[in-house]
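Report on one structure; see the data block that follows.
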Amino acid sequence: MKHRRRSILSFLLLIILVGGGIGLYVYLTPYHAESEAIEALGSTANVSVTNSSTHISFEVSKSPKASIIFYPGALVEPESYAPLAKELASHHINTYIVKMPLNLAVLGINKAKDILDDIPKSSATFIAGHSLGGAMAASYAGKHADQFDGLILLAAYANDDLSNTSLQVLSIYGSKDQVLNHKSYQEKWSLLPPSATEHIIEGGNHAQFGDYGFQKGDAIADISKEDQWKETAEAIAAWISLLNP
């Protein structure tokens, strides 16, 4: 009888462990880069793409205007942001997409330090991030403001007080974004420096800053992902040009 009870308990424990493991696997399964992102990983005559163990670099061949260290959104493969990086390269901006542990920037907040040590020096250096990646980029920037000229938030907000730093901040989000917590976004705007600038992409949503398909809870965008990448890159490039005429 005791042996039978132990067998039943062992079987139930196995079911719980297997179920928990499946649940964890599903939760940690990333949004995968789709076809345009994969295509954008190829180098061109004007842009050199290098995929290392720590980051993916997109470097222009002539006189970059700036460099951006980019933190991906939660559970989004870093390759997904390749099309945006290619658009930024068309404006002579180098971009370095950071690879995060388990695709979670919260586990790699300090990854920017290693990238800074590796990348070529530019006339201006920025840290950026999408969604949770933006919040973590803001956290790192707040503690290392002297290392950057500014912070770029894509569908994100800061949880740390940056209001007294010298950082310039650009915040971009889509008008159809249903993943971003708009109430928290508004409430935490005061954590940014007074000079912070906002750009709203009309018809854009949360997921289309990358190329990883539809994100649960988001709204369908009214514009194409290509148009959202283009407008995002143009807004960033114009803002950087204002800071560094």
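Just so you know, these numbers come straight off a predicted model, no measurement behind them.
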**Message:** Return the CG to CD1 distance between L170 and I236, rounded to the nearest 0.5 Å.
**Reply:** 6.5 Å

**Close side-chain approach of F58 to E87, heavy-atom, < 4.5 Å** = no

**Request:** Apply side-chain contact (heavy atoms from CB on, under 4.5 Å) to the pair K99 and I56, showing each step before the final yes or no.
**Result:** CA-CA 8 Å; K99 295 181 177 181; I56 309 168; 3.8 Å; yes

**Message:** Would you compute the distance between atom CD1 of I97 and atom CD1 of I69 and round it to the nearest 0.5 angstrom?
**Reply:** 12.0 Å

**Item:** Any I152 side-chain heavy atom under 4.5 Å of W239 side chain
**Value:** yes

**Asked** Going from NZ on K65 to NE2 on H91, what distance comes out if it is rounded to the nearest 0.5 angstrom?
**Response** 8.5 Å

**Prompt:** So do E36 and E226 actually touch side chain to side chain, heavy atoms under 4.5 Å?
**Reply:** yes

**Asked** Can you tell if the side chain of V98 reaches within under 4.5 Å of the side chain of P78, non-hydrogen atoms only?
**Response** no

**Message:** Can you give me the closest heavy-atom contact between D211 and A37, atom names plus distance?
**Reply:** OD2-N, 2.9 Å

**Prompt:** Closest approach of H144 and N110, non-hydrogen atoms and distance?
**Reply:** CE1-OD1, 4.5 Å

**Prompt:** What do the steps show when you test Y185 against S171 for side chain to side chain donor-acceptor pair (under 3.5 Å), and what is the final call?
**Reply:** CA-CA 10 Å; Y185 176 90; S171 175; 2.7 Å; yes

**Asked** Does T54 offer a backbone N or O that forms a donor-acceptor pair with the side chain of D114 under 3.5 Å?
**Response** no

**Prompt:** Would you say the side chain of I119 lies within less than 4.5 Å of the side chain of N94, judging by non-hydrogen atoms?
**Reply:** no

**Prompt:** Is the number of heavy atoms from other residues, nucleotides or ligands under 6.0 Å of K188 NZ greater than 12?
**Reply:** yes

**Distance in Å, E231 CD paired with I172 CD1, rounded so as to fall on 0.5 Å steps** = 8.5 Å

**Chi angles and distances behind the side-chain contact (heavy atoms from CB on, under 4.5 Å) call for D177, D218** = CA-CA 6 Å; D177 190 333; D218 205 3; 4.1 Å; yes

**Asked** Distance only, no hydrogens: is a donor on one side chain within 3.5 Å (strictly under) of an acceptor on the other, for Y157 and E187?
**Response** no

**Asked** Are side-chain heavy atoms of N159 and L191 found at a separation under 4.5 Å?
**Response** no

**Message:** Is it the case that over 12 heavy atoms from other parts of the model lie below 6.0 angstrom from the CD atom of E198?
**Reply:** yes

**Request:** Would you check if Y212 and E77 make a side-chain contact, meaning some heavy-atom pair closer than 4.5 Å?
**Result:** no

**Which atom of S163 lies closest to which atom of D161, heavy atoms considered** = OG-OD1, 2.6 Å

**Value rounded to 0.5 Å, distance of CD in Q215 from CD in Q178** = 12.0 Å

**Asked** Would you say the side chain of K230 lies within less than 4.5 Å of the side chain of S90, judging by non-hydrogen atoms?
**Response** no

**Request:** Would you confirm whether K86, through its side chain, and G42, through its main-chain N or O, come within 3.5 Å as a donor-acceptor pair?
**Result:** yes

**Asked** Taking a hydrophobic cluster as the set of Ile, Leu, Val, Met, Phe, Trp and Tyr residues connected by side-chain heavy atoms closer than 4.5 Å, whether directly or through intermediates, do F214 and I38 fall within one such cluster?
**Response** no

**Prompt:** Is there a donor-acceptor pair under 3.5 Å between the side chain of N205 and the backbone N or O of Q208?
**Reply:** yes

**Asked** Would you say L154 and V179 are hydrophobically clustered, going by side-chain heavy atoms of ILVMFWY under 4.5 Å?
**Response** no

**Message:** Quick check on ring pair (Phe, Tyr, Trp, His ring centres under 6.0 Å): which of F209, Y173, F70 does H130 satisfy it with?
**Reply:** F209

**Nearest heavy-atom neighbours spanning P72 and Y81** = CB-CE1, 3.5 Å

**Which atom of A128 lies closest to which atom of I68, heavy atoms considered** = CB-CG2, 3.7 Å

**Message:** Between S139 and A135 (side chain of the first, backbone of the second, donor and acceptor by atom type, cut-off under 3.5 Å), is there such a pair?
**Reply:** no

**side-chain contact (heavy atoms from CB on, under 4.5 Å) evaluation trace for Y71 with K111** = CA-CA 9 Å; Y71 283 14; K111 287 284 185 178; 4.3 Å; yes

**Asked** Does a donor on one side chain sit under 3.5 Å from an acceptor on the other, for T44 and N46?
**Response** no

**Prompt:** Does F126 belong to the same Ile/Leu/Val/Met/Phe/Trp/Tyr cluster as V60, with side-chain heavy atoms less than 4.5 Å apart forming each link?
**Reply:** no

**Message:** Is it the case that the side chain of T125 and the backbone of S67 share a donor-acceptor pair, with hydrogens and angles ignored and the cut-off at 3.5 Å?
**Reply:** no

**Message:** Once you measure the plane-to-plane angle for Y140 and F148, does it fall in the parallel (<30°), tilted (30-60°) or perpendicular (>60°) bin?
**Reply:** perpendicular

**Complete:** On a heavy-atom basis, the closest approach of L167 and G142 is CD1-N, 4.5 Å

**Prompt:** How long is the gap from CD on Q168 to CG on L243, to the nearest 0.5 Å?
**Reply:** 5.0 Å

**Message:** Quick one about E59 and Y96 (side-chain donor to acceptor, distance below 3.5 Å, no hydrogens or angles considered), yes or no?
**Reply:** yes

